[in-house]
J.: 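Please see the structure below; I have some questions.
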Amino acid sequence: MSEHGDTHIGLPGYFGVFAILVVGTIITYYVALFDLEWIFPGANTLVALLIAFTKMTFVVLYFMHVRWSSKLVWLSAVSGFFWLAIMFAYTMQDYLTRSIIGR
Amino acid sequence: MENVDAMKLDGAKKEPKVNYLTNGFSLKSWLLTKDHKRIAIMYLISVSVFFLMGGLYAAAIRLELLTPASDLMESGTYNKVFTQHGVLMVFFYLIPAIPAILGNFLLPLMIGAKDLAFPRINLLSLYLYWIGGILTLYALMQGGVDTGWTFYTPYSTTFSNSFVMAVGLGIFINGFSSILTGLNFIVSTHTMRAPGMTWFRLPLFVWAHYATSLVMILGTPVVAITILLLAIERVTQVGVFDPAIGGDPILFQHLFWFYSHPAVYIMILPAMGVISELISSFSRKKIFGYEFIAFSSIAIAVFGFLVWGHHMFVSGQSIYAGLVFSFLTMVVAVPSAIKVFNWTATLYKGSISYETPMLYAFGFLGLFLIGGLTGLFLGSVGLTVHLTDTYFIVAHFHYVMVGGTVMGYLGGLHFWWSKMTGRHYSEFWGKISAMLIFIGFNLTFFPQFILGYQGMPRRYAAYPEELQVLNIFSTAGASVLGVGLTMPVVYLVHSLIWGEKAEDNPWMLSGLEWRTSSPPPTFNFDETPIVTWEAYEFGEESGLDIDEARREAEVSPAA
Ligand SMILES: [Cu+2]
């Protein structure tokens with residue numbers, strides 16, 4: 001709250017984060033060219049999601065200034081992702097169990 | 001003690017003070033206002049227009065179902081009619097009704113604030129509602145949609161030739177209106193409370209709106225993105241939902257119901273907030289189990305997110321997931337039941353009076369009970385196979401949505417009408433219409449439980465002749481309901497001009513919204529109130545000598 005108003009990490013910092021995002025995008029593309037399914041089914045998706053999650057963390061922390069925000073804002077941001085996790089988990093609870101019981 | 005003068009009954013007779021309604025009469029002073037009360041009034045007018053249009057579609061549906069054959073309209077038209085009824089009612093009436101009108105008007109008053117935390121964002125949310133609404137209406141006039149309000153894939157992405165994109169965009173834009181309202185409510189409740197207004201002194205109406213806002217913020221973005229994915233698939237043929245191009249249609253249902261089940265709680269939680277106020281006020285008794293009601297709102301908001309799969313029991317979801325969702329559906333019934341028990345306990349030995357708002361509260365209790373309990377039928381994995389996609393479901397959710405949300409909305413509107421407009425409506429006509437609505441509603445929807453149990457499927461224009469008798473009952477009930485719902489429009493508008501001038505505190509209550517003039521000044525309170533009493537205080541602790549005021553009121557009925 002105290003140092004509100006200034007740009008925290010300055011323009012070079014923002015360009016640095018931007019560079020990380022671009023690199024992440026390139027890696028996503030590059031990894032998608034390989035078939036990773038031999039490791040375990042769905043490995044490609046998992047890798048893509050991991051990269052996406054890393055990129056998103058940078059956006060939230062720096063572009064959205066959460067890193068310098070109050071505990072309440074942290075709580076809100078974290079619960080947002082907790083909710084996303086609920087959505088993924090309960091949806092997967094359907095997909096991953098289709099072959100186990102019935103159909 | 002401070003604020004006592006708000007109780008003086010001659011408050012209304014003092015020389016007319018500038019209030020939020022008389023503070024500027026130009027169109028610009030309304031369209032560019034930042035006053036939450038004016039925004040609420042504009043919402044009231046716009047939401048009523050959408051409610052009327054949704055109602056006209058409902059009338060068309062009931063007329064068609066008067067006879068077994070599809071003779072009034074052909075099946076294709078019927079598909080569009082019930083879709084548009086659903087879209088207008090769900091997205092443009094039920095979701096905004098209580099939060100955007102009553103919540104917008106009352107939340108700042110109740111917490112003792114001058115306005116919401118972000119007045120401009122509040123105005124923006126109204127404009128988004130208008131833009132989304134006009135876009136949807138435009139699409140309906142161009143030919144409309146026939147997918148059902150749920151937009152199930154692959155029909156909506158691949159096969160339907162109707163205006164799916166335009167309506168989807170309308171709902172997408174409207175979604176942001178509701179996100180912004182939720183954001184505003186949460187920030188206001190955290191930061192704008194008057195001195196002394198602790199969390200546990202907040203009216204339960206505010207708790208309910210806080211919980212609703214959580215759902216709005218956490219859920220609405222998901223449906224917005226889902227509609228976006230639907231648009232992407234329709235336009236660019238990227239396979240998300242269509243199995244023919246590598247997608248999965250059930251994924252749409254997961255994403256859609258992740259929002260749309262909690263959306264049911266966006267509709268019902270604010271109504272529950274209203275009912276808490278009504279029950280306590282008209283029993284003249286402190287609400288029973290304040291903390292339980294407050295936290296059950298939060299519990300409903302949280303657990304409401306974990307049950308969406310009960311809409312997918314027969315659509316190809318795994319049996320394991322079905323079991324889990326069924327169990328969680330039973331769990332989420334608990335906090336709702338807690339509320340009903342607490343309301344009932346509040347009534348116990350209360351000094352109950354039967355003014356119009358209280359009639360709506362009683363209506364709510366009975367109808368929501370039936371609506372909620374039939375939800376348990378539908379939540380059990382076995383029985384639901386028989387009942388899915390029948391009129392039983394239609395009856396169930398109308399009992400929750402109309403019996404719950406509409407009752408709460410109308411009860412609240414009557415309860416706070418004098419505060420909002422400074423006028424009294426006719427109590428006589430209020431009671432008549434409340435009873436007509438209750439009777440008409442039951443006559444419309446109770447037969448549908450039986451029809452559904454007998455196997456009448458929803459979303460068809462024709463049905464077997466054996467089912468006609470109950471359908472005639474239902475249509476007859478819809479006419480009564482229609483008359484009942486039209487009456488408030490007449491006598492409420494009538495009251496604006498010819499109604500008695502209202503006192504500041506007509507019901508003799510301790511809440512902050514009753515401690516300012518009716519209608520309130522633009523910044524709500526002449527001086528910032530300091531709260532020294534608990535919520536729903538009827539004794540001297542509230543700083544208001546209610547008994548004294550009552551005696552005065554009996555001697556000289558307020559003008
Ligand atoms: Cu549901």
Side-chain angles (χ1 to χ4, degrees), chain A residues 1-2 4-5 25 28-29 31-37 41-49 52-53 55-57 59-60 63-66 68-103, chain B residues 179 182-183 186-187 189-191 213-223 225-226 246-262 298 301-329 381 385:
Chain A
M1 281 288 172
S2 50
H4 204 268
T25 311
T28 312
Y29 170 77
V31 172
L33 297 179
F34 293 91
D35 188 357
L36 304 177
E37 300 294 304
N44 271 92
T45 314
L46 192 70
V47 171
L49 278 177
F53 194 84
K55 285 162 66 184
M56 180 198 71
T57 311
V59 171
V60 170
F63 284 176
M64 297 173 80
H65 290 203
V66 169
W68 300 278
S69 297
S70 65
K71 288 263 160 37
L72 189 64
V73 174
W74 271 88
L75 183 71
S76 317
V78 170
S79 50
F81 289 110
F82 181 66
W83 242 248
L84 190 70
I86 289 178
M87 190 179 88
F88 276 46
Y90 278 72
T91 304
M92 281 304 146
Q93 162 200 260
D94 166 21
Y95 286 104
L96 300 179
T97 58
R98 284 201 189 162
S99 52
I100 301 176
I101 318 170
R103 308 172 209 238
Chain B
I179 295 173
L183 179 75
I186 289 185
V187 176
T189 314
H190 273 278
T191 61
S213 306
L214 289 178
V215 183
M216 283 171 160
I217 287 189
L218 291 169
T220 318
V222 177
V223 79
I225 295 299
T226 311
D248 175 42
I250 312 268
L251 180 63
F252 177 84
Q253 298 183 22
H254 276 299
L255 296 178
F256 181 81
W257 288 115
F258 181 81
Y259 164 74
S260 293
H261 181 80
I298 306 292
V302 172
F303 289 113
F305 273 100
L306 306 178
V307 299
W308 78 82
H310 63 213
H311 297 268
M312 305 164 58
F313 284 143
V314 298
S315 66
Q317 169 183 255
S318 86
I319 289 177
Y320 169 80
L323 284 174
V324 174
F325 281 127
S326 175
F327 172 74
L328 290 168
T329 302
V381 248
V385 176

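Fair warning: this is a prediction, and the values are worked out from it, not measured in the lab. In the text below, chain A, chain B and the rest are named by the order of the sequence lines, each starting its count at 1.
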J.: For F88(A), look at atom CZ and say whether over 12 heavy atoms of other residues, nucleotides or ligands are found less than 6.0 Å away.
T.: no

J.: Check each atom of V302(B) against the heavy atoms of chain A and say whether the ones under 4.5 Å are side chain, backbone, both or neither.
T.: both

J.: Please work out which of the three classes, parallel, tilted or perpendicular, describes the rings of W83(A) and F305(B), given edges at 30° and 60°.
T.: perpendicular

J.: Just verifying a value: how many Å separate T91(A) OG1 and W257(B) CH2, rounded to the nearest 0.5 Å?
T.: 14.5 Å

J.: Side chains of Y95(A) and L251(B): closer than 4.5 Å at any heavy-atom pair?
T.: yes

J.: Is L72(A) close to chain B through its backbone or its side chain, or both, or neither, when contacts mean heavy atoms under 4.5 Å?
T.: side chain

J.: Would you say L96(A) and Y320(B) make side-chain contact, with heavy atoms under 4.5 Å?
T.: no

J.: Would you say M64(A) has more than 12 foreign heavy atoms packed within less than 6.0 Å of its CE?
T.: no

J.: Using non-hydrogen atoms and a 4.5 Å limit, figure out which bit of L306(B) sits close to chain A: side chain, backbone, both or neither.
T.: both

J.: About how many Å separate CD of Q317(B) and CD of Q93(A), when rounded to the nearest 0.5 Å?
T.: 7.5 Å

J.: Any side-chain heavy atom of F325(B) within less than 4.5 Å of one from Y90(A)?
T.: yes

J.: Under 4.5 Å from any heavy atom of chain A, what part of L214(B) do you find: side chain, backbone, both or neither?
T.: neither

J.: If we only count heavy atoms from C-beta on, is the D94(A) to Q253(B) side-chain gap below 4.5 Å?
T.: no

